[in-house]
Q: 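Structure incoming, see below.
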Amino acid sequence: MIIVTRNSVTGTEQQQVIELLQRLAGSQRPISAITMQERGVITIDGNVLDAQAQAALSLHSAVERIVSTGTPYQLVSRAFQSEDSIVAVGDLPGSQPVTIGGSAPVVIAGPCAVESREQLMEIARAVKDAGAQVLRGGAFKPRTSPYQFQGLGIEGLQLLAEAREETGLPVITEVMEPEMVDVVAQYADVLQIGSRNMQNFPLLRAAGSHPSRRPVMLKRGLASTIDEWLLAAEYIVAAGNPNVILCERGIRSFDTHTRNLLDLACVPLLHELTHLPVIVDPSHATGRRELVPTMSRAAIAAGAHGLILETHTDPNSALCDGRQSITPAQLRTIMQETRLVAQIMSDAAVLDYVA
Ligand code: PEP
Ligand code: MN
């Protein structure tokens with residue numbers, strides 16, 4: 001349950017509302033209060049107030065509205081915000097900003113891992129040339145084996161900043177530890193929280209409370225339910241950062257033909273449940289480059305706000321995930337197809353409306 005207070009309320013009035021809520025709901029329940037778009041937002045787990053208690057609370061002059069979400073997640077729910085969130089990406093100097101969540105799909109492309117200056121610059125120029133709007137590249141790599149390439153670390157972040165300077169592409173890179181949020185936010189336009197860390201709660205809190213309010217792309221956990229994923233997103237928003245983008249990257253399954261099972265049904269489902277933008281990662285979802293174009297088209301047709309595509313100028317010698325990496329030429333084709341499919345989808349929406 002969410003209580004939104006008027007935007008002119010004083011700290012004292014806000015405190016009065018919290019105390020009244022504590023009394024009405026029973027004082028044991030934890031209550032959190034944050035400011036969102038200049039409004040105080042008070043949240044409590046569950047729909048704890050009956051109609052009478054809600055009426056009593058709404059009598060307080062500081063209360064603007066009370067929202068019963070009916071779901072364990074609150075601030076990310078559609079019940080709380082009916083309009084789609086649009087996340088602005090690219091607030092670091094040198095970035096050409098883009099928005100994720102609107103009707104035009106955004107394509108993020110680049111290597112799985114930053115391997116060297118030469119490799120990153122070559123790929124950055126190529127993906128820019130192919131029409132991608134954001135550059136990806138892992139500096140800190142979560143690898144299954146400790147013997148695999150772990151990324152260049154801080155040097156990788158510096159190279160990403162150089163690539164942004166040259167191409168104007170905002171950059172996204174993974175942050176794996178709460179202590180590293182600050183340094184990654186100095187270099188990256190978007191913080192990526194990877195699948196393996198989706199429920200790393202200290203990391204979610206650190207990314208949510210960082211003063212930069214840098215957008216966070218939250219990848220779905222390897223075997224996470226949609227509710228677990230949305231609750232993980234809730235951690236970030238409840239910590240003060242509303243700029244969250246969800247990324248479906250496939251979930252564990254029994255079949256070994258693909259690396260993961262791409263759950264495209266989650267895209268329209270998420271649009272019902274949440275106002276957050278949703279993008280799809282067909283690279284990690286399939287693990288096979290030949291499936292990436294088809295699943296990219298399917299993702300846009302399912303309503304994704306964008307794609308993240310591992311792209312390499314020499315996939316066969318990539319230090320990480322070469323098997324699923326497309327070439328810049330393939331990216332160029334996917335960009336054209338993405339625009340076409342998005343166009344068809346918006347024409348279809350108009351036809352629906354007319355009918
Ligand atoms: C990645 O995008 O580089 C990555 C490691 O993906 P995931 O967390 O989805 O496995
Ligand atoms: Mn990868």
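As the structure is a prediction and not an experimental result, all values here were calculated from the model. Ligands are counted one by one from 1 in listed order, and the atoms in each one are counted from 1 as well.
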Q: Working to the nearest 0.5 angstrom, can you tell me the gap between R78 CZ and T71 OG1?
A: 12.5 Å
Q: Can you name the atoms of ligand 1, numbered from 1 with element, that are less than 4.0 Å from a heavy atom of R136?
A: 1 (C), 2 (O), 3 (O)
Q: Can a donor-acceptor pair be found between the side chains of Q14 and T5 at a distance below 3.5 Å?
A: yes
Q: Just verifying a value: how many Å separate M121 CE and L159 CG, rounded to the nearest 0.5 Å?
A: 6.0 Å
Q: Count I, L, V, M, F, W, Y as connected when their side-chain heavy atoms are under 4.5 Å apart, and connections chain through other members. Are I108 and V280 then in the same cluster?
A: no
Q: Test your reading of the structure: does D281 have an N or O sitting under 3.5 Å from an N or O of ligand 1?
A: no
Q: With a 4.0 Å cut-off on heavy atoms, is K141 touching ligand 1?
A: yes
Q: Please state which option from R143, K219, M176 has its nearest heavy atom closest to atom 6 (O) of ligand 1.
A: K219
Q: Quick one: which ligand 1 atoms are inside 4.0 Å of a heavy atom on Q192?
A: 1 (C), 2 (O), 3 (O), 4 (C)
Q: Report the nearest protein non-hydrogen atom to atom 8 (O) of ligand 1: residue, atom name, distance rounded to 0.1 Å.
A: S195 N, 2.8 Å
Q: Confirm or rule out an N/O/S atom of H284, from backbone or side chain, lying less than 2.8 Å from the Mn ion (ligand 2).
A: yes
Q: Side chains of H210 and D182 only: does a donor on one sit below 3.5 Å from an acceptor on the other?
A: yes
Q: Atom CG of L152 and atom CZ of R117: how far apart are they, to the nearest 0.5 Å?
A: 11.0 Å
Q: Which ligand 1 atoms, with their elements, are less than 4.0 angstrom from a heavy-atom of E174?
A: 5 (C)
Q: Give me the nearest non-hydrogen protein atom to atom 4 (C) of ligand 1 as residue plus atom name, then the distance to 0.1 Å.
A: H284 NE2, 3.5 Å
Q: Return the minimal non-hydrogen interatomic distance between N241 and V244, and the atom names on each side.
A: O-CG2, 3.7 Å
Q: Kindly report the SG-the Mn ion (ligand 2)-OE2 angle for C112 and E310 respectively, rounded to 10°.
A: 90°
Q: Within the 4.0 Å heavy-atom shell around G194, which atoms of ligand 1 are there?
A: 8 (O)
Q: Of all the atoms in ligand 1, which lie at a distance below 4.0 Å from a heavy atom belonging to R249?
A: 7 (P), 9 (O), 10 (O)
Q: Measure from the Mn ion (ligand 2) to every N/O/S atom of D321 and report the name of the nearest one.
A: OD2
Q: Are any of the side-chain nitrogens in D189 or R214 under 4.0 Å away from the carboxylate oxygens of its partner?
A: no
Q: Heavy atoms only: give me the nearest T173-G138 pair and the separation to one decimal.
A: OG1-CA, 3.7 Å
